[in-house]
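Beneath this line is the structure, given in structure tokens, with notes to follow.
Protein chains get the first letters and strands the later ones, always in sequence-line order, with residue 1 at the start of each. Just so it is clear, the model here is predicted, and its values are computed rather than measured.
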Amino acid sequence: MCHIVHMTPFRIEFQPGQPIVDQVVFAATRAFVSGQMLPGDAFPSVRALAADLRIHPNTAHKAVQALIREGWLEVHPGIGTIVAHRVAPAGGDRWGLLNDKVDALVVDARSAGISLEDLQRVIVERWAALDKTEVR
Amino acid sequence: MIVETTALSHMFAGREVVRDVGLQVPMGAAMVLLGANGAGKTSLLRLLLNILRPSKGGARLFGRDSRCLGPEDFQRIGYAAESQILPGRLSVSAYFDYLRPLYERWDGALEQHLRRHFGLPGGQRIDLLSHGASMTLRLATALAFRPTLLILDEPLGGLDQDVREQVLDILIDRAGDTTILMATQEITDIDRFATHVAFMADGRLLFQEETGTLAARMRDVRVQVGEMWDLPATLPESWLTATRTGRTLGFIDSGFVSEAVLRQQLADCGIEIGGLDIRPLALRDIAVPLIRAQRGETGQ
Amino acid sequence: MTRPFIAMRAIFIKDMRLLWPLMLVCAALFLLRAGLPGPAGRLVETLSIGANIFLIVAAIQLDAPSGLRLDWRTRPITPVTLLVGKLGFLTASLLLPSMVADLLHDVIAGVGPGALLPRLLDDHGRAVIMALPIIAMAALTTRLLDAGVLGLAVAVLNAIVLSVMLTLAGQSPDQLDEQVLWPMVPVLAAIVAVGSILVLWLHYVPRREGAARLAFGITALLAAATQAGFILTL
């Protein structure tokens, strides 16, 4: 029996309570911003992504579509889907939804009794951790 | 909708085993039909397939009344069930030989792929196959003609882990072409694959929705109670299986929106919150409390 | 080839692959039966009838029309295709071999060419009518044992009705000259044939199992009543 192992070049530990699409998009985005996947790299096909992550092909398709919409991926007919040379959105767009997320983070941190210093330290650590994974 | 039922009911031995079911399976979905033994899942599937006839209401597949399903329809409906009786004294190969000419769109290459993938021995007599091999044979014969709708009844029941994974691999592989409706009690491996979840209890369809929204509204809640009190007589209906052990109140919130809303609900019930722990639930952890809640075990 | 025909052929081949040993036994018994005279012939005749009934019930019940768990119900096969396929299989595996065997025997025994066909049609016409209620009983049940119990129940009930009636008519069942009963045979055969065909039609075409059972019961009652009525007129 032959079993083709597809290697999706990013890691996902699926968490309950969150839509699968969002989790895949997040994990892929993380791989892009950390440099784990670079512009020009081939991105797995929908079939390969579904088989590897054990998710429904429609879900994989939705994730890929979302990544294309956000400019992370490009479809090249005949070649497949590759990581795009992405230009970060300019000006006000840059913050977009992030403002809400920071608000939520600050509220959650304060309600959990976490100090501003601790929160800042953790953010700095995580920021650096993403850069470290750049080594491939 | 590839499958649509309205007020579908079925009487058996004076009892309504399927009651007023309005099921809707969208094209391309992989719907998991959950429910305890005897919840009516198997009867519902048999109604869809024209094996049973509705006593009330009706079902439509591809827009066609289930009572009128004929050979043309079974050219594109694959069905595999644990309970199906196969011609036991035929060999695996002879069974495929029998089925192949029946289908217009039988795909020989896909048949070979499925037989290799599941490691089905061609010369083996069907009644001498292991339980797992017999189930994968049913699945292979339900898939080799590239059906547009695949209906499965307990396809994973009693299978070894490696066989379950083989089955899941094939379902993922075929899901792009095929809408899947799968009755099951075991959702451990398929919770990521399912796009929709329907839940039956006591013949009724309690809900059907996308897996994402279900996951979003279900939370396991634990409240540390400030001081001794009795559970209020009425809790919100969306709180399932509420139990109190010592100073902890635990329940499944099936209508979770946000922590703020939940705190307000707790306050409205006169519950003083000492500490609050809210956790998301995996699909497999959702089924058990739902079944229990349906049986009326509230633990009070 | 049209779809229904392809399906019939597939069912036919599948049934042959499953039942060929029994088919061979039946064919061998036909040849023996035609050739053996006297008590040995009667024994072979009984064996042959038993094997034929077994083959009929097995062929029908491999894809029983009733029952919720049978494979054919969710395959592209209509019940009518299935019934025609099964009848074709029984024709090929029982009717044709027995006709060939009897024809061979008649030719060897020197029966004149003019008499061959009438003999053949008379004997096998009767055999077909006898087979019809057996096919109906096999179709109404899903297991060999159930079919056997049903057949036995009908036979026993019929025998009881018959002996009660004979007693009422002042005839001793033991001393009855069977010749007396001959005139009622065509009527009885017609009732059984029509009733059995109705049972099969109801069961396979509009798929009304309850109605088919009812039709079977009524046929059995009518058959018994015909016999009873006939005896009372003696």
| message | Tell me whether Asp41(A) contacts the main-chain N or O of Leu38(A) through its side chain, where contact means a donor paired with an acceptor under 3.5 Å. | response |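 A pair under 3.5 Å: yes.
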Side chain from CB out, backbone as N, CA, C, O: work out which of these in [X] comes under 4.5 Å of a heavy atom of chain A, or both, or neither.
X         : value
Ala29(B)  : backbone
Glu165(B) : both
Thr195(B) : side chain
Leu168(B) : side chain

| Which atoms of Ile20(A) approach chain B - backbone, side chain, both or neither, heavy atom under 4.5 Å |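 Just its side chain gets close to chain B.
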| Is there side-chain contact between Thr81(A) and Ser45(A), with heavy atoms separated by less than 4.5 Å? |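 Contact flag for Thr81(A)/Ser45(A) side chains = no.
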| query | Under a 4.0 Å N-O cut-off, is there an ion pair linking Arg115(B) with Glu111(B)? | reply |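 Here Arg115(B) pairs with Glu111(B) in a salt bridge, since their nearest N and O are under 4.0 Å apart.
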Would you be so kind as to tabulate the donor-acceptor pairs closer than 3.5 Å made by side chains of residues 214-224 of chain B, with sequence neighbours excluded?
unit_1    : atom_1 : unit_2    : atom_2 : d
Arg217(B) : NE     : Glu209(B) : OE1    : 3.3
Arg217(B) : NE     : Glu209(B) : OE2    : 2.9
Arg217(B) : NH1    : Ser254(B) : O      : 2.6
Arg217(B) : NH2    : Glu209(B) : OE2    : 2.5
Arg219(B) : NH1    : Ala215(B) : O      : 3.0
Arg219(B) : NH1    : Ala216(B) : O      : 3.4
Gln224(B) : NE2    : Thr248(B) : OG1    : 3.4

| Qualifying residues under side-chain contact (heavy atoms from CB on, under 4.5 Å), relative to His76(A), sequence neighbours excluded |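 Scan of His76(A) (side-chain contact (heavy atoms from CB on, under 4.5 Å), adjacent residues dropped) gives Glu74(A), Ile79(A), Ile82(A).
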| query | In residues 135-143 of chain B, which residues are in contact with chain A at a heavy-atom separation under 4.5 Å? | reply |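 No residue falls under the 4.5 Å cut-off.
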Side chains of residues 173-182 of chain B: which donor-acceptor partners sit under 3.5 Å, not counting sequence neighbours?
unit_1    : atom_1 : unit_2    : atom_2 : d
Asp173(B) : OD1    : Arg47(A)  : NH2    : 2.3
Arg174(B) : NH2    : Asp177(B) : OD2    : 2.6
Asp177(B) : OD2    : Arg146(B) : NH1    : 3.0
Thr178(B) : OG1    : Pro147(B) : O      : 3.1
Thr178(B) : OG1    : Arg174(B) : O      : 3.4
Thr179(B) : OG1    : Gly28(B)  : N      : 2.8

| Are Asp268(B) and Gln264(B) close enough that a side-chain donor and a side-chain acceptor fall under 3.5 Å? |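 Side-chain D/A pair, Asp268(B) to Gln264(B): present.
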| task | Evaluate side chain to side chain contact (heavy atoms under 4.5 Å, CB included) for Leu67(A) paired with Phe32(A), printing each intermediate quantity in order. | result | CA-CA 11 Å; Leu67(A) 290 167; Phe32(A) 303 143; 4.0 Å; yes
| task | Please round to the nearest 0.5 Å and tell me the distance separating atom CZ of Phe251(B) and atom CG of Leu266(B). | result |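 CG of Leu266(B) is found 5.0 Å from CZ of Phe251(B).
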| message | For chain A, which candidate among Gly212(B), Ala30(B), Ala194(B) shows the most heavy-atom pairs at distances under 4.5 Å? | response |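 Top option by heavy-atom pairs under 4.5 Å: Ala30(B).
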